[in-house]
Peer 1: 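After the structure tokens below, expect a handful of questions from me.
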Amino acid sequence: MSTIDWAARAADLRLDGRSLIDGKRVDAVDGQSFAKHSPIDNRLLGPVARGQAADIDAAVRAARAAFEDRRWAGKAPAVRKRILQRFADKILAARDELALLETLDMGKPIQYSLSVDVPSTARCIAWYAEAVDKIYDEIAPTPDSALALITREAMGVIGAIVPWNYPMIMAAWKLGPALAAGNSVVLKPSEKSPYTALRLAELAIEAGIPPGVFNVVPGFGHEAGEALALHMEVDAIGFTGSTRVGRRMLDYAGRSNLKRVYNELGGKSAFVVFDDFKDLGRAARTVAGSMFFNQGESCNAPSRVLVHDSVADEFVRLVAAEAPKYAPGDPLNPATELGALVDETQMKTVLGYIEAGHAEGGRCVAGGQRARAETGGYYVEPTVFDGIRNDMKIAREEIFGPVMSVIRFKDEAEALQLANNSAYGLQASVWSDNLNRAHRVARGLRAGTVHVNQYDEDDITVPFGGYKQSGNGRDKSLHAFDKYTELKTTWIRID
Ligand code: NAD
């Protein structure tokens with residue numbers, strides 16, 4: 001466990017909320033800023049530049065100029081690799097600072113900012129760096145009279161718009177493949193978590209990524225976000241966020257230059273426990289750990305727990321006993337497991353869903369209340385509802401907070417029907433000791449990622465994304481290069 005006095009470090013921190021455009025920190029063009037508070041205790045972190053269309057335009061023009069003169073795209077893949085590896089090293093070297101910024105900004109426990117967010121961000125950048133000089137293009141099997149080359153080229157200017165739940169990791173999932181492929185990027189972080197993105201851009205410059213290649217403009221969605229998604233010089237948008245805003249991204253593209261839109265959206269993931277799974281204790285510990293990790297503010301949180309009737313009472317008892325282990329605490333205390341929700345609005349939304357659960361007849365068996373109100377921060381107890389039906393509001397809508405719904409089923413067919421009866425399709429899991437059933441159900445689940453007898457395994461080497469209204473395209477793995485490259489066919493006549 002970390003022995004650093006994080007509260008003292010936080011008191012000494014100097015935060016810079018200005019945009020980073022063309023290698024320089026700059027105020028918003030019209031001089032406007034907004035006040036950013038920490039959800040930990042509502043302390044003021046500082047003013048952040050309120051980027052608008054003019055700021056986005058400056059950043060996109062810098063990114064376009066960098067792309068056109070090939071200061072980055074024109075470097076040999078092995079050179080981009082070395083620079084990006086330095087960038088990853090700098091992220092690791094700045095681990096304590098970045099972790100503290102992330103925790104202060106959006107309220108997650110410092111132990112996880114240190115052990116998950118910073119290392120995952122660095123690993124993502126390093127992984128795409130290492131990949132980029134090992135990927136070969138193709139030659140088509142044509143007749144002797146011609147040669148057809150199928151090559152991948154950088155697309156141009158990528159707009160990345162990301163949420164606040166894993167600010168650095170979500171940014172890295174876009175930056176890694178986009179920068180490794182040779183693109184320029186304009187990143188618009190969430191207005192609720194701007195600081196680590198800005199610091200990452202400084203580290204990128206220090207590592208040798210040329211000015212203009214990676215720009216960050218903080219600001220609000222309906223201002224900076226909209227301007228970026230509507231910009232005629234942006235070739236693709238890599239968006240992670242809500243399904244509501246994902247719809248808008250498609251609309252912005254339709255209204256502007258038909259830029260590619262890649263949406264990584266919400267989820268309402270099913271965790272299906274059959275009566276033939278013997279170790280119910282492990283299943284209960286896993287679902288609690290995955291559901292309450294990051295305060296339940298995870299797109300892939302297993303928020304719909306489907307349990308066979310015959311083991312449901314026992315399972316609910318086990319899960320209810322797990323929940324108090326995730327009691328909210330001070331995010332700056334290295335022992336804390338569950339921190340603050342990102343802001344007051346999010347806390348009120350979550351408490352509203354808890355009320356809806358009661359109103360619709362759910363039985364709250366753990367949590368259900370606001371916590372630590374005396375701190376001035378925004379905390380909600382880990383909450384478990386039993387007796388939920390799949391058509392209830394809390395089973396259908398993404399809550400994005402520490403609230404789990406238990407839904408009972410009678411047989412395999414009903415379990416699969418309930419699991420797939422959702423607008424979302426991001427992740428799912430099946431728990432069964434019967435090999436045939438585990439494979440059968442895993443095949444039947446309509447989700448981008450399916451786990452069998454576990455939930456938390458994850459790695460940059462595998463694609464991540466959703467079916468249905470959870471989005472399109474995939475982040476992570478080599479497949480992510482598809483999003484930020486164009487495929488070109490070149491025919492050459494051979495006489
Ligand atoms: P959000 O959709 O409110 O905001 C995401 C980003 O879009 C922010 O930067 C925001 O400023 C911007 N934005 C908001 N309105 C906009 C507009 N009108 N035009 C342009 N940009 C706009 O989402 P959030 O609350 O920040 O994040 C939570 C959501 O993200 C959840 O739904 C969660 O499931 C999803 N998420 C998905 C994944 C995934 O990989 N599928 C990962 C993490 C989070």
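First listed ligand is number 1; within each ligand, the first listed atom is number 1. Note that this is a predicted model, so its numbers are computed, not measured. Side chains are part of it too, since the values below use all heavy atoms of this structure and drop only hydrogens, waters and symmetry mates.
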Peer 1: Ser190: which residues meet the side chain to side chain contact (heavy atoms under 4.5 Å, CB included) condition with it, sequence neighbours left out?
Peer 2: Trp164, Lys192, Ser193
Peer 1: Which value, rounded to the nearest 0.5 Å, describes the distance between Lys476 atom NZ and Thr449 atom OG1?
Peer 2: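 Separation between the atoms: 7.0 Å.
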Peer 1: How close do Pro39 and Met106 get, heavy atom to heavy atom, and via which atoms?
Peer 2: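 Heavy atoms of Pro39 and Met106 come nearest at CG-C, 3.6 Å.
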Peer 1: Determine the sole option in Ser19, Ser33, Pro189, Pro218 for which the side chain to side chain contact (heavy atoms under 4.5 Å, CB included) test with Val48 is passed.
Peer 2: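 Answer to the side chain to side chain contact (heavy atoms under 4.5 Å, CB included) test with Val48 among Ser19, Ser33, Pro189, Pro218: Pro218.
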Peer 1: Using a cut-off of under 3.5 Å, which N/O atoms of ligand 1 pair up with protein N/O atoms, and what distance separates each pair?
Peer 2:
residue: ligand 1; atom: 2 (O); partner: Ser242; partner atom: N; Å: 2.8
residue: ligand 1; atom: 2 (O); partner: Ser242; partner atom: OG; Å: 2.6
residue: ligand 1; atom: 9 (O); partner: Val162; partner atom: O; Å: 2.8
residue: ligand 1; atom: 9 (O); partner: Lys188; partner atom: NZ; Å: 3.1
residue: ligand 1; atom: 11 (O); partner: Lys188; partner atom: NZ; Å: 2.6
residue: ligand 1; atom: 11 (O); partner: Glu191; partner atom: OE1; Å: 2.7
residue: ligand 1; atom: 11 (O); partner: Gly221; partner atom: N; Å: 3.4
residue: ligand 1; atom: 18 (N); partner: Tyr252; partner atom: OH; Å: 3.1
residue: ligand 1; atom: 19 (N); partner: Gly221; partner atom: O; Å: 3.2
residue: ligand 1; atom: 19 (N); partner: Tyr252; partner atom: OH; Å: 2.9
residue: ligand 1; atom: 21 (N); partner: Gly221; partner atom: O; Å: 3.4
residue: ligand 1; atom: 23 (O); partner: Ser242; partner atom: N; Å: 3.4
residue: ligand 1; atom: 25 (O); partner: Trp164; partner atom: NE1; Å: 3.0
residue: ligand 1; atom: 26 (O); partner: Trp164; partner atom: NE1; Å: 3.1
residue: ligand 1; atom: 30 (O); partner: Gly241; partner atom: O; Å: 3.3
residue: ligand 1; atom: 32 (O); partner: Glu398; partner atom: OE1; Å: 2.6
residue: ligand 1; atom: 34 (O); partner: Glu398; partner atom: OE1; Å: 3.4
residue: ligand 1; atom: 34 (O); partner: Glu398; partner atom: OE2; Å: 2.6
residue: ligand 1; atom: 41 (N); partner: Leu265; partner atom: N; Å: 3.3
residue: ligand 1; atom: 41 (N); partner: Leu265; partner atom: O; Å: 2.8

Peer 1: If only side-chain N and O atoms count, and only distance matters, is there a donor-acceptor pair under 3.5 Å linking Glu397 with Tyr353?
Peer 2: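 Result is yes, a qualifying pair exists.
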Peer 1: Would you please indicate if the ring centroids of Phe481 and Tyr128 are separated by under 6.0 Å?
Peer 2: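 Ring-ring flag for Phe481/Tyr128: true, centres closer than 6.0 Å.
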